[in-house]
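Here's the structure, in structure tokens; my notes come after.
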Amino acid sequence: MLKLENINKNFNLGKNKVQVLNDINLEIKKGEFVAIIGQSGSGKSTLMNIIGCLDTQSSGKYYIDDKDISKFSSDEKASLRRKKFGFVFQRYNLISNLTALENVCLPGIYEGLEDRKTKGLNLLDKLDIKEKAYSKPNQLSGGQQQRVSIARALINGGEVILADEPTGALDSKSGIMVMEILSNLHKNGHTIILVTHDKNVANYANRIIEIKDGKIINDKTKKNEKFTIQNLDKNKNKSSFGYKFLEALKMAISSIFSHKLRSFLTMLGIIIGIASVICVVALGEGSQEKILSSIRAIGTNTINIYPGKNFGDLRAGKVKSLSVDDSRILGMQNYLDYSTPNTSTSGVITYKNLSLNANLRGGGVNSLAVNGIEIRTGRSFELSDIANSSSVVIIDQNTKNSFFKDEDPLGKNIFFNQKPLKIIGIAKEDENAFGGSDNLRLYAPFSTVINKITGDRHIHSITVKVKDDINAQLAEEAIVSILTQKHGKKDFFTRNSDTIKKTVESTMATMRLLISSIALISLIVGGIGVMNIMLVSVSERTKEIGIRMAIGAKESDILIQFLIEAIILCIIGGIIGLLTAYSFGYLFNSISGNFYMKFSTMPAIIALMSSCLVGTIFGYLPAKNASKLNPIDALLQE
């Protein structure tokens, strides 16, 4: 069954080479109860590790059922440990965050055992510990933990039981109980290989092999009793990828929630990264919406025409090239909805015994709407007001507060530069005015300002509205052509609201690119944080990984579990980051008056996909490191 030929094992300690096993030749037959006895440092535990495929020999041949184990891959050795061997360790080696039943069933998970829970409960019942099935290892005594360890060794059949100092950490009563269990297992046909330094424990075996300084010095058979396992159950196994993935997912989630603080610290970088990215994007979207709404309030598809060469032209105030007739001619063009002349002048408002400086703006029926000014109470201008140069005026909130604090101004007459004007409306506060203004503003028909106030036939600007189905750029070119021909030269300039809108959108696109770059950097930083914590996690859980490998986990099982852990942590971190961002946005929008955060679905979806990708990329290295650990080296870690 088990045959070792000229087995040698060497360790390198610095520059020195230490030989632990020296030309071991040994054959163990099926159904034997063998005790390997020797003092500490004799090499007995190293020999058992080689027999159990936890360690490899430096030289020599090892055969199991006439198969040369040296030619087996790591996954094939894992399969042997899972199907043929069952391990009982001195320190029990139970995983602390799993219950007794979960520890027993763990090899069954890697084997794909369908009825592992039922079988695990039956084994615990046979070992008189079923009532502790749902207790954690720290809630069990040493003897109880060792019985759980024995049940774990038997879950997949345990044809060969390898017991390394099984009574070493137990009191004498518990030790006797464990040895009686092993003796009964032998009588049931299990091959028992026991490693101990206690001769009383060794006497339970039928064959005692004494080892000293890495050599077998005595091999004595007391009884030639061999038993065969009767009615060995055929396990019903599942081996599909979906099953393995689901089980790995369950184990990963269990591990995450059993180490809450470590998991939270792992997620923290992703939470901060996702939350900050979503908030910055939302603030950018909200700012863009605010600016574009201001532009829409000023007027979409509108073109303003001003005298001079450009804004800042020092001669612009002296150039009086625009006239009401220009506006009238433009208003006749079939690609425009309307044309409104604009004029303004400064003067003094007088009401009763109070006089204050103010600005009077003259415009057409659509002027207030084009400039984003709404009427709070009263009415706006009508065509008859324009045609008749009616002496009517609309005042702003500052004028109302200055002259009519305690009375209704509608219908009252005020004097502007000694000209009477009847108040027909009160304008809302201009929310689109950057920084606000303390100036007093009045609005009157342009014909009234020209004919009754200033007498100046020239106007300060013209505003035209381009029809929705007309290209604003082509309309602007046509307007420039008409006025240039009429004036004989180009003594004016235009400002297209669509051009401003496109400029804003282009600027915001650049900002989004910048924000995306910041997002990428934030996610990379978060991913590095995940990788660092996962690497620390692998270091902290080295012994757990060793236990999982000892009971039959393959490299791919460990890799998938740790990779899934990293991905789940990043996804949960992404979700918490999103909730944090939305909560902050709600609070920000509640207290902010000028700006708001606008959230949309796509950035959230991209953020979750990115966090999943980050978990995959940055979780792979720690997961790979975990899967490549040497089982025996990992088991020796504390």
Side-chain angles (χ1 to χ4, degrees), residues 298-299 304-308 316-324 326-327 339-405 408-433 435-463:
I298 292 172
N304 288 295
I305 307 162
Y306 302 95
K318 299 177 182 179
V319 176
K320 296 184 180 296
S321 57
L322 298 180
S323 65
V324 175
D326 291 336
S327 180
S339 176
T340 299
N342 305 303
T343 186
S344 65
T345 185
S346 298
V348 177
I349 304 176
T350 302
Y351 180 72
K352 294 183 179 179
N353 59 349
L354 179 62
S355 297
L356 295 172
N357 291 323
N359 179 265
L360 176 64
R361 296 183 179 182
V365 175
N366 301 297
S367 292
L368 293 181
V370 166
N371 288 284
I373 299 170
E374 299 179 19
I375 301 297
R376 183 180 294 276
T377 55
R379 68 175 179 86
S380 186
F381 307 133
E382 297 174 353
L383 289 174
S384 59
D385 295 325
I386 306 297
N388 299 326
S389 301
S390 300
S391 297
V392 293
V393 70
I394 296 171
I395 65 173
D396 69 350
Q397 284 294 312
N398 289 339
T399 304
K400 179 186 181 302
N401 295 336
S402 299
F403 290 95
F404 304 99
K405 283 185 178 179
D408 184 3
L410 291 179
K412 300 287 193 304
N413 288 301
I414 60 173
F415 289 86
F416 183 84
N417 289 350
Q418 301 179 351
K419 301 295 191 299
L421 297 171
K422 183 180 178 180
I423 299 173
I424 62 170
I426 303 168
K428 287 184 179 180
E429 187 175 353
D430 187 2
E431 295 179 353
N432 295 311
S437 175
D438 294 329
N439 295 333
L440 306 185
R441 290 183 181 145
L442 307 178
Y443 306 95
F446 72 88
S447 55
T448 302
V449 177
I450 291 172
N451 296 328
K452 294 183 177 180
I453 306 294
T454 63
D456 187 355
R457 305 302 298 174
H458 290 91
I459 55 179
H460 291 86
S461 67
I462 299 172
T463 300

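Everything numeric here is computed off the predicted structure, so don't read it as measured data. Position 1 is the first residue of the sequence, and the numbers go up from there.
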Do V324 and I459 have side-chain heavy atoms sitting under 4.5 Å apart? yes
What's the separation between atom CG in L442 and atom CG in N359, rounded to the nearest 0.5 Å? 8.0 Å
Kindly compute the distance separating CZ (F446) from CD1 (I386), expressed to the nearest 0.5 Å. 5.5 Å
Which pair of heavy atoms, one from S323 and one from I462, lies closest together, and at what distance? O-CD1, 4.1 Å
Has T454 got a side-chain atom pairing as donor or acceptor with D456's backbone, closer than 3.5 angstrom? yes
Taking only residues two or more places apart in sequence, or in another chain, which ones meet S339 in a side-chain hydrogen bond (donor to acceptor under 3.5 Å, both in side chains)? S327
Nearest 0.5 angstrom please: I453 CD1 to L360 CG, how far? 6.0 Å
H458 side, atom NE2; S321 side, atom OG - distance, nearest 0.5 Å: 7.5 Å
Determine the minimum heavy-atom distance between Q397 and A427, stating which atoms define it. NE2-O, 3.3 Å
Would you mind listing every salt bridge (charged side-chain N to carboxylate O under 4.0 Å, His left out) that reaches into residues 387-396, with sequence neighbours excluded? none
Hey, does V392 have a side-chain heavy atom less than 4.5 Å from the side chain of T448? no
Should V365 and L383 be marked as a side chain to side chain contact (heavy atoms under 4.5 Å, CB included) after you check the CA-CA gap, both sets of side-chain angles, and the distance that decides it? CA-CA 6 Å; V365 175; L383 289 174; 3.5 Å; yes
Suppose we screen for side chain to side chain contact (heavy atoms under 4.5 Å, CB included). Which residues come up paired with N366, at least two apart in sequence or across chains? Y338, T340, V370
Please list every donor-acceptor pair under 3.5 Å in which a side-chain atom of residues 350-357 meets a protein atom from a residue at least two apart or in another chain.
residue : atom : partner : partner atom : Å
T350    : OG1  : S355    : OG           : 3.0
Y351    : OH   : E407    : OE1          : 3.4

What is the distance from atom CZ of R361 to atom OG1 of T343, rounded to the nearest 0.5 Å? 11.5 Å
Side-chain donor/acceptor pairs under 3.5 Å, residues 373-381, sequence neighbours excluded:
residue : atom : partner : partner atom : Å
E374    : OE1  : K428    : NZ           : 3.1
R379    : NH1  : D385    : OD2          : 2.9

Show me the donor-acceptor pairs within less than 3.5 Å that the side chains of residues 409-422 make with the rest of the protein, sequence neighbours left out.
residue : atom : partner : partner atom : Å
K412    : NZ   : D408    : O            : 3.0
N417    : OD1  : V348    : N            : 3.0

Checking T463 against S367 for the side chain to side chain contact (heavy atoms under 4.5 Å, CB included) test, could you report, in this order, the C-alpha distance in whole Å, the side-chain angles of both residues, the deciding distance, and whether it holds? CA-CA 8 Å; T463 300; S367 292; over 6 Å; no
From the options I423, I395, L440, select the one residue that forms a side chain to side chain contact (heavy atoms under 4.5 Å, CB included) with F403. L440
